[in-house]
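Here the structure is laid out as structure tokens; the discussion comes afterwards.
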Amino acid sequence: MQGLENLRLRLKNACESVDRNATEVRLLAVGKKHPASRLRELYDQGQRGFGENQLQEARQKQLELADLDIEWHFIGHIQSNKSSTLARYFDWVQSVDRVKVLNSLSAHRPGSLAPLNICLQINIDREEQKSGLLPEQVAAMAKLASGLPGIRLRGLMALPRISIVAAETSRSFAAVKAIYDELCEQGFDLDTLSMGMSSDLESAVEQGSTMVRVGTDLFGPRP
Ligand SMILES: *Cc1c(COP(=O)(O)O)cnc(C)c1O
């Protein structure tokens with residue numbers, strides 16, 4: 001089942017089944033590979049947060065949808081020479097995983113804009129080919145991010161290993177949540193745990209996600 005109404009209901013059910021309030025979990029609509037017109041349809045139904053993983057594609061959509069009050073999230077791999085563009089044109093960057101990128105985002109965030117919201121991406125399953133900080137690197141990056149102008153550290157983002165074994169994914173989500181809780185205990189003022197996608201949002205919600213990023217089950221398969 002696809003579409004915003006179905007997804008909202010699914011998210012509400014996921015929250016209720018683990019005694020969470022549906023208002024605790026935001027839905028980010030991931031429109032990658034879908035045309036701007038599809039994003040506009042969702043906007044007209046009340047969706048405000050949209051995520052993209054390719055800068056060029058995102059910029060094109062931003063131009064086409066410039067009349068809308070969208071909150072834009074970048075969720076893809078960041079090339080450091082592109083971080084100045086990200087700092088100018090996005091509200092959130094969820095995939096920060098290197099000091100160089102962090103410094104560049106801070107340096108290039110225009111003073112006329114609110115601080116850039118960021119999440120640190122964590123490679124929770126230590127996958128070789130995957131972006132993200134290793135768990136033991138997160139605290140130092142959080143400390144660095146908290147001291148930089150033009151940046152507001154909001155939390156963590158994770159993409160666990162793709163597994164058909166639900167218990168494995170659930171364990172990965174729980175491990176991300178443990179790191180998140182530890183940071184909060186250390187005094188970082190965080191409110192965002194971005195985890196869960198079309199196939200595993202129930203598990204992510206159960207493990208404490210505050211933002212699910214959904215593409216396929218909103219827009220259908222990517223063309
Ligand atoms: C594509 C993507 C999603 C959405 O995935 P679906 O399975 O289509 O819901 C979520 N997060 C990231 C980082 C993505 O690249």
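Note that ligands are numbered from 1 as they come in the structure, with each ligand's atoms numbered from 1 the same way. Residue numbers count from 1 along this sequence.
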What protein heavy atom lies closest to [atom]? Include the residue and the distance to one decimal.
atom                    : result
atom 8 (O) of ligand 1  : T216 OG1, 2.6 Å
atom 11 (N) of ligand 1 : R213 NE, 2.9 Å
atom 9 (O) of ligand 1  : S198 OG, 2.5 Å
atom 13 (C) of ligand 1 : I75 O, 3.6 Å
atom 10 (C) of ligand 1 : M197 SD, 3.2 Å

Going by atom types alone, do [X] and [Y] pair a side-chain donor with an acceptor below 3.5 Å?
X    : Y    : value
E71  : H73  : yes
R213 : S194 : yes
Q62  : R59  : yes

As an exercise, identify every atom of ligand 1 less than 4.0 angstrom from a heavy atom of V214.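 The atoms of ligand 1 under 4.0 Å from a heavy atom of V214 are 9 (O).
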Are any of the N or O atoms of [X] closer than 3.5 Å to those of ligand 1?
X    : result
D217 : no
L159 : no
K32  : yes

Looking at S209, is its backbone amide N or carbonyl O close enough to the side chain of Y180 to form a donor-acceptor pair, meaning the two atoms are under 3.5 Å apart?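 Between the backbone of S209 and the side chain of Y180 there is no qualifying donor-acceptor contact (under 3.5 Å).
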Please indicate whether D181 has more than 12 foreign heavy atoms, meaning atoms of other residues, nucleotides or ligands, lying under 6.0 Å from its CG.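 Yes, CG of D181 has more than 12 neighbouring heavy atoms, counting only those of other groups under 6.0 Å.
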Within the supplied structure, the quantity of interest is the number of heavy atoms (other residues, nucleotides, ligands) at a distance under 6.0 Å from L68 CG; does it exceed 12?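 Yes.
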Report the residue from N6, L11, L4 that forms a side chain to side chain contact (heavy atoms under 4.5 Å, CB included) with R8. L4
Does only the side chain of Q94 get under 4.0 Å from ligand 1, or the backbone, or both, or neither? Count heavy atoms.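 Answer for Q94: neither.
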